[in-house]
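If you're wondering where the values come from, they're calculated on a predicted model, not measured in any experiment.
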Amino acid sequence: MTEAILLVGGKGTRLRPLTVHTPKPMVPAAGVPFLTHQLARARAAGVEHIVLATSYLAEVFEPYFGDGSELGLHLEYVTEQEPLGTGGAIRNVASRLHSGPDDPVLIFNGDILTGLDIAALVDTHRTSGAEVSLHLTRVEDPRAFGLVPTDHTGRVTAFLEKPQTPEEIVTDQINAGAYVFNRSVIDTIPAGRPVSVERETFPGLLADGAHLQGMVDSTYWLDLGTPQAFVRGSADLVLGRAPSPAVPGRRGDRLVLETAEVAGDAKLTGGTVAGPRTVIGPGARIDGSAVLEGAVIGEGAQIRDSLIGAGAHIGARTVLDGAVIGDGARIGADNELRGGIRIWCDAEIPAASVRFSSDQ
């Protein structure tokens with residue numbers, strides 16, 4: 001396996017305000033853009049050539065990663081002029097692939113953090129003789145996902161929409177967002193229009209009698225589509241619960257980047273990240289959170305399960321619990337923000353003016 005497509009064109013609407021200035025795959029997780037972890041894991045599995053299917057804020061990817069040589073990769077970039085969906089994006093980059101018709105091509109969604117055994121998925125594809133193979137994972141509550149039942153050999157038998165009743169939950173297996181396509185299958189996807197692989201390509205192939213194989217791999221898996229999930233994923237990378245060769249430092253209770261300034265009596269726990277040029281004041285307590293580049297945390301602030309955007313300022317003694325603070329926002333001293341509240345980029349909240357939970 002030497003070739004892959006990474007789908008990184010989504011707008012990241014559910015992650016706003018983090019994605020106002022930054023595409024979702026470029027939001028830092030464990031100290032580096034999340035995409036870095038995906039690229040590093042693909043390279044470790046033997047992938048050499050990756051085509052990035054970009055769209056939203058496409059201009060930021062290539063200046064950061066260049067030709068990929070620093071990661072041992074050959075990277076190319078293709079930008080959609082209009083959103084094409086997952087299948088349309090795959091078809092749109094097909095001309096950049098070097099594979100022959102029967103060669104396997106890996107495809108990854110750009111917002112999934114996973115411990116998938118990539119080599120095992122490719123091996124399953126080859127040994128089963130499938131035209132498309134899917135990484136499946138099991139979840140306790142599959143109601144929010146499309147279900148993918150398989151027979152005793154692992155062959156996919158159906159693609160079912162999100163179940164509405166208990167009777168409709170015929171499996172706990174869901175599409176985990178990583179695939180292997182035979183190169184020839186990619187060429188059958190209609191060009192020049194939006195196509196969803198989940199709703200159109202896969203069901204269509206199944207209806208035509210194609211062999212679609214599922215491989216259940218229930219190692220670490222997390223969809224980073226919400227701020228709460230993104231913060232959790234970053235912390236899990238730091239704690240070593242999620243695998244990545246790209247974490248820039250030793251795994252443990254915290255990750256402090258070299259240019260960060262952390263007061264001696266500040267306490268960072270639970271996989272907290274202090275990003276480049278951050279300043280963490282005396283007596284601050286930060287648990288399971290990510291503090292992005294250039295953010296300042298005031299004296300005695302208490303922060304839990306929160307994400308602090310680049311250049312944001314958090315005042316002294318302010319309490320944040322499950323909060324998302326946009327880039328450049330300024331939260332004055334002695335405020336209390338809880339329960340999933342989101343503060344937009346560059347917003348200003350005066351000192352001692354807010355006690356808010358979005359759960360109220």
A.B. asks: Taking Thr127 for the side chain and Asp123 for the main chain, is one N or O donor matched with an acceptor at less than 3.5 Å?
C.D. replies: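 Such a contact is found between Thr127 side chain and Asp123 backbone.
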
A.B. asks: I'd like to know if the side chain of Thr226 and the backbone of Ala229 have a donor-acceptor N/O pair within less than 3.5 Å.
C.D. replies: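 Yes, because the side chain of Thr226 sits within donor-acceptor range (under 3.5 Å) of the backbone of Ala229.
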
A.B. asks: Asn335 versus Val319: any side-chain heavy-atom pair under 4.5 Å?
C.D. replies: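 The answer is no, as the side chains (C-beta and beyond) never meet within the 4.5 Å cut-off.
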
A.B. asks: Checking side chain to side chain contact (heavy atoms under 4.5 Å, CB included) for the pair Asp236/Tyr220: CA distance, chi angles, key distance, verdict?
C.D. replies: CA-CA 10 Å; Asp236 284 348; Tyr220 187 97; 2.7 Å; yes

A.B. asks: Do the side chain of Ser196 and the main chain of Gly85 share a donor and acceptor less than 3.5 angstrom apart?
C.D. replies: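 It does not hold such a pair.
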
A.B. asks: Taking all non-hydrogen atoms of both residues into account, name the closest pair between Trp344 and Ala329 and its distance.
C.D. replies: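 The answer is O-CB, 3.7 Å.
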
A.B. asks: Could you walk me through whether Asp111 and Asp223 satisfy the side chain to side chain contact (heavy atoms under 4.5 Å, CB included) test, starting with their C-alpha distance in whole Å, then the side-chain angles of each, then the deciding distance to 0.1 Å, before giving a yes or no?
C.D. replies: CA-CA 6 Å; Asp111 54 3; Asp223 178 348; 4.2 Å; yes

A.B. asks: Any ion pair linking Asp103 and Arg183 (charged N to carboxylate O, less than 4.0 Å)?
C.D. replies: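 No salt bridge links Arg183 with Asp103.
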
A.B. asks: So, the side chain of Glu131 versus the backbone of His211: is there a donor-acceptor pair under 3.5 Å, distance only?
C.D. replies: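 Yes, because the side chain of Glu131 sits within donor-acceptor range (under 3.5 Å) of the backbone of His211.
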
A.B. asks: Working to the nearest 0.5 Å, report the span between CD1 of Ile174 and NE2 of His135.
C.D. replies: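 NE2 of His135 is found 9.0 Å from CD1 of Ile174.
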
A.B. asks: I'd like to check Val216 versus Gln173 (side-chain heavy atoms, cut-off strictly below 4.5 Å). Are they in contact?
C.D. replies: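 Contact flag for Val216/Gln173 side chains = yes.
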
A.B. asks: Is the side chain of Asp265 donor-acceptor paired with the backbone N or O of Gly283 at a distance under 3.5 Å, no angle test?
C.D. replies: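 It does hold such a pair.
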
A.B. asks: How many angstroms lie between CD in Glu336 and CD1 in Ile341, if you round to the nearest 0.5 Å?
C.D. replies: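 One finds 10.5 Å between CD of Glu336 and CD1 of Ile341.
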
A.B. asks: Within the distance-only criterion (no hydrogens, no angle test), does the side chain of Arg41 pair as donor or acceptor with the backbone N or O of Leu116 below 3.5 angstrom?
C.D. replies: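 A pair under 3.5 Å: yes.
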
A.B. asks: Given Val273 and Val238, is the side chain to side chain contact (heavy atoms under 4.5 Å, CB included) satisfied, shown in steps?
C.D. replies: CA-CA 8 Å; Val273 179; Val238 174; 3.5 Å; yes

A.B. asks: Run the side-chain hydrogen bond (donor to acceptor under 3.5 Å, both in side chains) test on Asp287 and Thr269 for me, step by step, so that the C-alpha distance in whole Å, both residues' side-chain angles and the decisive distance to 0.1 Å come before the verdict.
C.D. replies: CA-CA 5 Å; Asp287 180 58; Thr269 57; 2.7 Å; yes

A.B. asks: Kindly indicate whether the side chain of Asp117, heavy atoms from C-beta on, has any atom under 4.5 Å from the side chain of Thr219.
C.D. replies: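 No, every pair of side-chain atoms sits at 4.5 Å or beyond.
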
A.B. asks: Quick one: does any side-chain atom of Ser306 pair with a main-chain N or O of Ile303 as donor and acceptor, under 3.5 Å?
C.D. replies: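 Judged by distance alone, no pair lies under 3.5 Å.
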
A.B. asks: Do Ile280 and Leu255 belong together in a cluster built from hydrophobic side chains that touch within less than 4.5 Å?
C.D. replies: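 No, it is not one cluster - the side chains of Ile280 and Leu255 are not joined through contacts under 4.5 Å.
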
A.B. asks: Under the 3.5 angstrom rule, does the side chain of Asp172 hit a backbone N or O of Arg138 as a donor-acceptor pair?
C.D. replies: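 A pair under 3.5 Å: no.
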
A.B. asks: Residues in ring pair (Phe, Tyr, Trp, His ring centres under 6.0 Å) with His49, at least two apart?
C.D. replies: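 Counting only residues at least two positions away or on another chain, His49 forms a ring pair (Phe, Tyr, Trp, His ring centres under 6.0 Å) with His74, His98.
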
A.B. asks: Check Leu239 against Gly252 and note the closest heavy-atom contact, atom names and distance.
C.D. replies: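 Here Leu239 and Gly252 meet closest at CD2-O, 3.4 Å.
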
A.B. asks: Do NZ/NE/NH1/NH2 and the carboxylate oxygens of Glu348 and Arg330 come within less than 4.0 Å?
C.D. replies: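 Salt bridge: no.
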
A.B. asks: Start with the C-alpha distance between Thr86 and Glu198, add both sets of side-chain angles, then the distance that settles side-chain hydrogen bond (donor to acceptor under 3.5 Å, both in side chains), and finish with yes or no.
C.D. replies: CA-CA 8 Å; Thr86 48; Glu198 299 86 355; 2.9 Å; yes

A.B. asks: Do Val156 and Pro149 touch side chain to side chain, with heavy atoms closer than 4.5 Å?
C.D. replies: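 The answer is no; the side chains never approach within 4.5 Å.
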
A.B. asks: Could you state the interatomic distance from CD1 (Ile325) to CD1 (Ile349), rounded to the nearest 0.5 Å?
C.D. replies: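 Rounded to the nearest 0.5 Å, the CD1-CD1 separation comes to 6.5 Å.
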
A.B. asks: Applying side-chain hydrogen bond (donor to acceptor under 3.5 Å, both in side chains) between Ser244 and each of Gln38, Arg251, His37, report the one that passes.
C.D. replies: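 Considering Gln38, Arg251, His37, a side-chain hydrogen bond (donor to acceptor under 3.5 Å, both in side chains) with Ser244 is found only for His37.
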
A.B. asks: I need the Ser234 OG to Leu222 CG distance, nearest 0.5 Å.
C.D. replies: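 Ser234 OG to Leu222 CG: 11.0 Å, rounded to 0.5 Å.
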
A.B. asks: Classify the ring geometry of Trp221 against Phe145: parallel below 30°, tilted from 30° to 60°, perpendicular beyond 60°.
C.D. replies: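 The arrangement is perpendicular - the two ring planes meet at more than 60°.
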
A.B. asks: Is there a side-chain contact between Arg43 and Leu71, using heavy atoms and a 4.5 Å cut-off?
C.D. replies: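 No, side chains not in contact.
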
A.B. asks: Any chance you could measure Glu62, atom CD, to Glu76, atom CD, to the nearest 0.5 Å?
C.D. replies: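 Nearest 0.5 Å value for the CD-CD distance: 9.5 Å.
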
A.B. asks: Do side-chain atoms of Thr272 reach the backbone of Ile286 as a donor and acceptor pair under 3.5 angstrom?
C.D. replies: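 The answer is yes, because a donor-acceptor pair under 3.5 Å joins these two groups.
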
A.B. asks: Is the distance from the ring center of Phe65 to that of Tyr77 below 6.0 Å?
C.D. replies: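 Ring-ring flag for Phe65/Tyr77: false, centres at least 6.0 Å apart.
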
A.B. asks: When you compare the side chain of Val105 with that of Ile5, does any pair of heavy atoms fall below 4.5 Å?
C.D. replies: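 The answer is yes, as the side chains (C-beta and beyond) meet within the 4.5 Å cut-off.
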
A.B. asks: Just do the side chain to side chain contact (heavy atoms under 4.5 Å, CB included) check on Phe202 and Tyr179 with the steps written out, would you?
C.D. replies: CA-CA 11 Å; Phe202 292 156; Tyr179 320 113; 3.7 Å; yes

A.B. asks: With distance as the sole test, does Thr124 use its side chain to make a donor-acceptor pair with the main-chain N or O of Gln213 at under 3.5 Å?
C.D. replies: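 Answer holds: no.
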
A.B. asks: If you measure from the Lys or Arg side-chain nitrogens to the Asp or Glu carboxylate oxygens, is any gap between Glu258 and Arg277 under 4.0 Å?
C.D. replies: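 No, this pair does not count.
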
A.B. asks: If you round to the nearest 0.5 Å, how far is CD1 of Ile189 from CZ of Phe181?
C.D. replies: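 Interatomic distance, Phe181 CZ to Ile189 CD1, rounded to 0.5 Å: 5.0 Å.
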
A.B. asks: Any side-chain heavy-atom pair from Met26 and Phe34 closer than 4.5 angstrom?
C.D. replies: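 Answer no - side chains too far apart.
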
A.B. asks: Which heavy atom of Asp327 sits nearest a heavy atom of Ala310, and at what distance?
C.D. replies: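 Nearest heavy atoms, Asp327 then Ala310: OD1-N, 2.9 Å.
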
A.B. asks: Is the shortest side-chain heavy-atom distance between Val8 and Leu35 below 4.5 Å?
C.D. replies: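 Side chain of Val8 against side chain of Leu35, heavy atoms only: contact under 4.5 Å found.
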
